[in-house]
Amino acid sequence: MSIHAGHRQRLKERFLKDGLDHFEEHQVLELLLFYGIPQRDTNEIAHELIRKFGSLSKVLEATPEELCEVKYVGDNVTTLFQLITAVARYYQVNCAMREVILPTIDACGKYLVPYFYERQNETVYLLCLDAKCKVLCCEKVGEGGVNSAGVPIRKIVELALKNNATSAILAHNHPSGLAIPSGEDIQTTRRVALALDAVEIGLVDHIIVADNDWVSLSQSGLYRQGECRILG
């Protein structure tokens, strides 16, 4: 039996009893590492990861290549950390999907935020709605580098038509952390609006997400749809 088995069990029992509220960052990381490094003391590894990256959140955001620069960190750990953020995003989206009617721009913004959780690249989604503002689908339509994302207009139109959408909302994230619309964002909105209008589908809004914040182009006065079915 490992000499660290008792420590592992105590840390697990502490978590099960009291949760993570009183854990230090390295202890949370140590607990996670139990499941990626089963036969080694993870305390020193957790401390080294915090020293290298600065915080637990930065550790989870690090690339596999960066993580593997730390001794004893291998494929099991990097896969585990990627899985944690992916499951957290999936969970938030799954919870949001329980609300299928989105009657306001605010409701749409809150619904869309989880789709961009911990995404490091600019990613574009299209939210399709019916005449009663019921969600028909919310699908990724483009992804680019850290500061750019291709917006395939043909794919957007095809997705909206396939789902028999009455209206749609375009959404993308700014990994920089600032949800401030750029000139390119405004021009993209107009191009998508024209393309959807040609098939009688209204583009209600373009929402930009940064972390847990979001900005609506329509609420900011940067975009107006002729017959908006959703009240801002």
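A ring pair (Phe, Tyr, Trp, His ring centres under 6.0 Å) check over residues 191-216, counting only residues at least two apart or in different chains, returns the pairs H172-H206. Screening residues 20-57 for ring pair (Phe, Tyr, Trp, His ring centres under 6.0 Å) gives H26-H47 as the qualifying pairs, with residues at least two apart or on separate chains.
Proximity of I180 to V215: side-chain heavy atoms (C-beta onward) are nowhere separated by under 4.5 Å. Contact annotation: the side chain of L60 never approaches that of Q82 to less than 4.5 Å [non-hydrogen atoms, C-beta and beyond]. Considering only heavy atoms from C-beta on, V77 comes within 4.5 Å of L33 through its side chain. With contacts defined as side-chain heavy-atom distances shorter than 4.5 Å, the pair L217/I208 qualifies. When side chains are defined from C-beta on, L196 counts as touching I156, because their heavy atoms get closer than 4.5 Å.
Residues passing the salt bridge (Lys or Arg N to Asp or Glu O under 4.0 Å) test with K134, sequence neighbours excluded: none. By the salt bridge (Lys or Arg N to Asp or Glu O under 4.0 Å) test, E13 is found to be paired with no residue, residues two or more places apart in sequence or in another chain being considered. In terms of the ring-ring contact (aromatic ring centres under 6.0 Å, His included) criterion, residue partners of Y125 (sequence neighbours excluded) are, by chain and number, Y115, F116.
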Distance-only donor-acceptor pairs under 3.5 Å for side chains of residues 64-73, two or more places apart:
| residue | atom | partner | partner atom | Å |
| --- | --- | --- | --- | --- |
| E66 | OE1 | T63 | N | 3.0 |
| E66 | OE1 | T63 | OG1 | 3.3 |
| E69 | OE1 | K52 | NZ | 2.8 |
| Y72 | OH | R40 | NH1 | 3.3 |

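Here the options are V192, V151, T188, the test is side chain to side chain contact (heavy atoms under 4.5 Å, CB included), and the partner is V124; only V151 passes.
Here CG of L161 is found 10.5 Å from CD of E200. Values are rounded to the nearest 0.5 Å.
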